[in-house]
Peer 1: 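Would you mind keeping the following structure in view while I ask a few things?
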Amino acid sequence: MDYKKELCQLLSEKTSLSADEIEHLLETPPALEMGDFALPCFKLARILRKAPARIAENIHASLNDLPHWLDKVQIAGGYLNFYLDRPHYAKDMLSSVAAAGERYGASQEGAGRNIVIDYSSINIAKPFHIGHLSTTVIGNSLYKIFNFLGYHSVGINHLGDWGTQFGKLIVAYKHWGKHDTVEKGSIHAMLDLYVKFHHAAKEDVSLDEEARAWFKKIEDGDPEALSLFAWFKELTLKKVSRIYDLLDVKFDSYAGESFYNDKMQPVIEELEAKHLLEESNGAKVVRLDEYDLPPCLILKSDGATLYATRDLAAAFYRKKTYDFYKCLYVVAYQQNLHFRQLFKVIERMGYPWAKDMEHVAFGMVSMADGTISTREGRVIFLEDVIQAAIEKTHRLIEEKNPDLANKEETARDIGVGALVYKTLSANRIKDIVFDLDRILNFDGETGPYMQYTHARALSLLRRGGEEALKEEPDYTALSSPQAFSVVRLIAGFPEAIQKAAEKYEPYLITRHITELAQAFNKFYYDIRIIDENASATAARLSLAKATATVIKIGLALLGIRAPERM
RNA sequence: GCGUCUGUAGCUCAGUUGGAUAGAGCAACGGCCUUCUAAGCCGUGUGUCCGGGGUUCGAAUCCCUGCAGGCGCGCCA
């Protein structure tokens with residue numbers, strides 16, 4: 001049952017306010033000792049023309065017989081504080097977790113709705129570096145969150161597989177590359193060639209001309225150019241699939257820029273037909289003056305298409321193919337203006353679904369000594385970071401738990417978990433300065449801490465045994481502040497998922513399970529969980545079980561695995 | 001210059017959409033393993049919540065203004 005709603009109903013009967021108005025006013029007190037719900041009476045003072053404390057007193061007096069689930073009501077200044085009956089509430093919450101299992105917090109609110117999520121979207125022939133981590137991990141988490149809420153997520157890796165850089169790469173390969181070196185070195189070798197090209201092109205401008213010519217050959221379907229292009233693409237995808245496997249990230253589609261090559265002409269024609277396309281300095285643009293936005297460039301003066309042209313084609317294709325409820329672009333905030341323009345153009349074309357498109361922006365990643373630059377070869381490979389985290393975990397396992405059964409898998413889960421947790425620990429919009437030492441510190445609010453707490457709770461259950469849980473639990477054993485804090489956080493978990501989905505902010509889940517883990521660890525130390533009292537032990541173990549379940553679900557929604565032992 | 005985002009403890013960040021004494025983690029120092037996993041727990045200290053006005057019973061939160069920084073502003077993506 002929904003205690004908040006029940007309380008609002010009760011209060012609306014005692015006041016002149018509706019249940020909705022009460023719900024809007026009701027809040028959670030800052031400390032556990034102040035109760036579970038609070039009604040600040042200050043706003044009512046004006047309406048009722050009485051002092052807040054007086055209003056609180058009046059309401060308090062009218063509540064003569066409390067419902068069984070309410071323990072007490074107290075007046076504190078202008079506040080009216082409500083205390084739930086702890087054993088009753090604990091029993092109710094733990095029963096619902098036990099009943100729902102790993103579906104606790106799930107819903108069917110999104111049934112029949114598709115959510116298209118554009119994330120990761122890597123560039124072919126370029127390294128998968130730390131700058132790609134946010135989009136990959138945020139997108140993956142949203143994918144899982146929406147599926148959990150009953151939506152059907154469609155994950156799209158919008159590959160950057162078009163553009164003059166492929167001409168450059170071919171030129172570099174023809175001048176300095178060897179087949180075996182590239183085949184073996186894959187992205188590293190291609191990056192070397194790319195960097196070499198940029199250095200050489202500074203001296204010799206004819207190289208740029210050559211690169212443009214080779215790209216033209218790709219466009220024209222020249223067999224040699226096409227086969228090289230296909231080869232670069234194949235090598236890249238093979239290489240990155242290993243990283244995606246490590247991160248446990250999957251996509252439903254890899255339709256990228258080249259895929260939309262033959263789908264732009266109809267869009268251009270439609271823009272023409274709707275008289276939205278204007279000539280400006282030889283180029284074709286859609287004016288957005290009335291929205292205080294600069295014009296959106298659709299065609300270059302040489303008639304070539306642009307980023308926006310391709311994104312328009314992609315948007316129409318996605319609407320037609322998936323009939324999306326929302327289409328999310330998990331892309332860094334640099335492209336803020338681009339997406340505002342893109343959505344406006346679609347709106348001006350007369351499509352109301354333009355409002356269903358959202359730019360889920362996130363902050364930039366930089367290195368301690370400056371920005372990432374692929375051209376300069378200033379990059380940190382994601383694979384190296386993941387390896388470092390896994391190795392660190394191996395060392396810790398040897399030190400702390402050398403007899404662990406599946407060390408490889410566990411080290412992977414924890415190392416990757418540390419990295420993913422860090423990426424999803426703060427508001428998306430925050431910039432991140434990449435700090436390997438910080439990622440490799442597994443103390444405090446970290447992925448390993450979550451996993452450790454989960455494993456610790458499971459360890460208790462193994463020790464207590466299944467029969468311990470069969471005992472009739474005595475929920476009064478969960479009335480202590482330590483235990484009840486855990487109960488409340490478990491109860492608040494479904495709402496955290498809702499908020500995370502609503503705001504496209506996975507960190508709300510990260511924060512919630514972090515608080516849960518902290519509360520559980522305090523409970524664990526202050527209170528003996530398994531003791532001679534079988535019914536109290538049963539209650540405490542069911543709390544441990546629910547904690548493990550919620551942490552596991554939360555981590556799964558972030559894209560982190562929860563090992564059973566560590 | 002214009003637009004946009006950010007500014008909270010030494011560092012990284014929360015802050016229930018305007019509420020009760022502004023909270024966590026890291027880093028530092030001290031304590032706790034013959035008892036349920038010490039990747040843990042407890043304790044110690046620090047704040048002009050960027051500055052200045054305003055609205056309000058009440059402001060880190062809302063409005064105005066200034067400052068600092070990031071990002072963006074036509075033929076790259």
Side-chain angles (χ1 to χ4, degrees), chain A residues 24-31 34 38 40 42-43 45-46 51-52 76-79 81 121 123 160 162-165 257 280-285 292-308 310-311 331-338 340-341 361 363-364 366 393 396-397 399-401 414 418 422 425-427 429-433 435 437-438 441-453 455-464 492 495 499 507-508 510-511 514-515 517-518 520-522 524-531 537 540-541 544 565-566:
Chain A
H24 192 71
L25 289 172
L26 216 58
E27 57 192 45
T28 308
M34 297 171 171
F42 308 100
K43 278 179 189 143
R46 181 167 294 173
Y79 291 91
N81 291 336
S121 302
N123 293 315
W162 204 246
T164 45
Q165 72 263 29
E257 292 174 358
S280 168
N281 300 327
K284 298 270 176 101
V285 305
D292 279 326
L293 289 172
C296 181
L297 219 62
I298 303 294
L299 290 175
K300 297 203 247 183
S301 40
D302 65 359
T305 57
L306 284 147
Y307 184 42
R310 246 179 305 279
D311 264 5
V331 179
Y333 66 58
Q334 278 106 314
Q335 299 195 31
N336 207 306
L337 179 60
H338 164 73
R340 283 171 65 201
Q341 291 177 313
M364 299 209 332
S366 59
T393 313
L396 284 175
I397 289 173
E399 178 192 322
K400 294 167 189 292
N401 197 356
I414 296 171
K422 182 77 188 70
S425 62
N427 197 309
I429 209 70
K430 298 276 182 187
D431 284 335
I432 297 172
V433 176
D435 183 346
D437 290 342
R438 210 155 207 149
N441 184 346
F442 294 175
D443 298 329
E445 296 173 347
T446 64
Y449 176 75
M450 299 295 107
Q451 291 166 321
Y452 179 79
T453 309
R456 177 182 248 183
L458 290 188
S459 163
L460 279 169
L461 293 168
R462 280 193 297 270
R463 200 168 275 269
E495 195 183 334
K499 282 245 166 71
Y507 91 93
L508 292 170
T510 312
R511 284 233 64 82
T514 302
E515 282 174 30
Q518 286 169 331
F520 181 78
N521 282 318
K522 281 189 176 71
Y524 180 93
Y525 268 87
D526 286 355
I527 291 162
R528 180 78 200 172
I529 291 166
I530 299 167
D531 67 10
T537 297
R540 290 187 293 254
L541 281 178
R565 295 169 205 256
M566 62 187 273

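In what follows, chains carry the letters A, B, and so on, assigned in the order in which the sequence lines appear, proteins first and then strands, with residues in each chain numbered from 1.
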Peer 1: Quantified in whole Å, what is the C1' atom distance between nucleotide B:A9 and nucleotide B:G23?
Peer 2: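 It comes out at 10 Å once rounded to the nearest Å.
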Peer 1: Which part of the nucleic acid, if any, lies within contact of A:E257, taking any heavy atom under 4.0 Å across all strands shown: a base, the sugar-phosphate backbone alone, or nothing?
Peer 2: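 Here A:E257 touches the backbone only, sparing every base.
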Peer 1: For A:A38, which contact category applies under a 4.0 Å heavy-atom criterion: base, sugar-phosphate, or nothing?
Peer 2: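 Here A:A38 touches the bases of the nucleic acid.
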Peer 1: Would you please confirm or rule out a distance under 4.0 Å between OP1 or OP2 of B:A24 and any side-chain N or O of A:Y449?
Peer 2: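 No, no such contact exists.
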Peer 1: Please classify the nucleic acid contact of A:L337 as base, sugar-phosphate, or nothing, using heavy-atom distances under 4.0 Å.
Peer 2: sugar-phosphate
Peer 1: What nucleotide among B:G18, B:U35, B:U21 has an atom nearest to a side-chain atom of A:R528?
Peer 2: B:U35
Peer 1: Could you tell me whether the phosphate oxygens of B:A38, OP1 or OP2, come under 4.0 Å of any side-chain nitrogen or oxygen in A:Y525?
Peer 2: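 For A:Y525, the contact criterion (side-chain N or O under 4.0 Å from OP1 or OP2 of B:A38) is met.
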Peer 1: With rounding to the closest Å, how many angstrom separate the C1' atoms on B:A27 and B:C33?
Peer 2: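 Result for the C1' pair: 24 Å, nearest Å.
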Peer 1: Using the C1' atom in both, what is the distance from B:C50 to B:A60, to the nearest Å?
Peer 2: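 It works out to 12 Å between them.
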Peer 1: Would you call B:G43 syn or anti, using the 90° rule around 0?
Peer 2: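 Chi for B:G43 falls in the anti range.
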Peer 1: Mind checking if A:I397 touches a base, just sugar-phosphate, or nothing, with heavy atoms under 4.0 Å?
Peer 2: base
Peer 1: Can you check the distance between B:A22 and B:U61, where both ends of the measurement are the P atom (answer in whole Å)?
Peer 2: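 It works out to 15 Å between them.
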Peer 1: With no angle test and no hydrogens, is the base of B:G74 tied to the side chain of A:S301 by a donor-acceptor pair under 3.5 Å?
Peer 2: no
Peer 1: Would you indicate, yes or no, if B:A14 has its OP1 or OP2 atom less than 4.0 angstrom from a side-chain nitrogen or oxygen of A:K430?
Peer 2: yes
Peer 1: Between B:G15 and B:U8, how far is it from one C1' atom to the other, in whole Å?
Peer 2: 9 Å
Peer 1: May I ask you to evaluate whether A:K300 reaches the phosphate of B:C76, defined as a side-chain N or O under 4.0 Å from OP1 or OP2?
Peer 2: yes
Peer 1: By the 4.0 Å heavy-atom rule, please label A:P29 as base, sugar-phosphate, or nothing.
Peer 2: base
Peer 1: List the residues meeting ring-ring contact (aromatic ring centres under 6.0 Å, His included) with A:Y525, not counting sequence neighbours, and say none if there are none.
Peer 2: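 Applying ring-ring contact (aromatic ring centres under 6.0 Å, His included) to A:Y525 gives none.
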Peer 1: Pick the C1' atom in B:G10 and in B:U65, then give their distance to the nearest Å.
Peer 2: 31 Å
Peer 1: Any N or O donor-acceptor pair under 3.5 Å from the base of B:C11 to the side chain of A:R438?
Peer 2: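 Pair found.
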Peer 1: Could you say whether A:E445 or A:S459 is positioned toward the 5' end of RNA chain B, judged by the nucleotide with the nearest heavy atom to each?
Peer 2: A:E445
Peer 1: Please give the distance between the C1' atoms of B:C13 and B:G7 as a whole number of Å.
Peer 2: 13 Å
Peer 1: Answer yes or no: is there a side-chain heavy-atom contact under 4.5 Å between A:Y452 and A:I414?
Peer 2: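 Not touching, per the 4.5 Å side-chain cut-off.
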Peer 1: Just to be sure I understand the rule, does A:T446 reach a base, reach only the sugar-phosphate, or reach nothing, if contact means heavy atoms closer than 4.0 Å?
Peer 2: nothing
Peer 1: Go through the structure and list residues passing ring-ring contact (aromatic ring centres under 6.0 Å, His included) with A:Y333, not counting sequence neighbours.
Peer 2: none
Peer 1: Taking only the side-chain heavy atoms of A:T28 (C-beta and beyond), determine which of B:C36, B:U4, B:U16 contains the nearest atom.
Peer 2: B:U16
Peer 1: Does a side-chain N or O from A:N441 land closer than 4.0 Å to OP1 or OP2 of B:G25, or not?
Peer 2: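 Checking A:N441 against B:G25: no side-chain N or O falls below 4.0 Å of OP1 or OP2.
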Peer 1: Please report the distance separating the C1' of B:C57 from the corresponding atom of B:G52, rounded so that it comes out in whole Å.
Peer 2: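 Nearest-Å result for B:C57 against B:G52 at atom C1': 24 Å.
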Peer 1: Would you tell me if any nitrogen or oxygen in the side chain of A:Y507 comes within less than 4.0 Å of OP1 or OP2 on B:G15?
Peer 2: yes
Peer 1: So, is A:R456 near the phosphate of B:C36, with a side-chain N or O under 4.0 Å from OP1 or OP2?
Peer 2: no
Peer 1: Establish whether the base of B:A20 is bridged to the side chain of A:N81 by a donor-acceptor pair shorter than 3.5 Å.
Peer 2: yes
Peer 1: Side-chain N or O of A:R463 versus OP1/OP2 of B:U37: is the shortest distance under 4.0 Å?
Peer 2: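 So the side-chain polar atoms of A:R463 do come within 4.0 Å of the phosphate oxygens OP1 or OP2 of B:U37, strictly under.
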Peer 1: Of the nucleotides B:C41, B:U4, B:A77, which one has an atom closest to the side chain of A:L306?
Peer 2: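 Given the options B:C41, B:U4, B:A77, the side chain of A:L306 is closest to B:A77.
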Peer 1: Here's a test of your reading of the structure: between A:P40 and A:D292, which maps to the more 5' nucleotide of RNA chain B?
Peer 2: A:D292
Peer 1: Classify the nucleic acid contact of A:R565 as base, sugar-phosphate or nothing, counting any heavy atom under 4.0 Å across all strands shown.
Peer 2: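 The residue A:R565 makes base contact.
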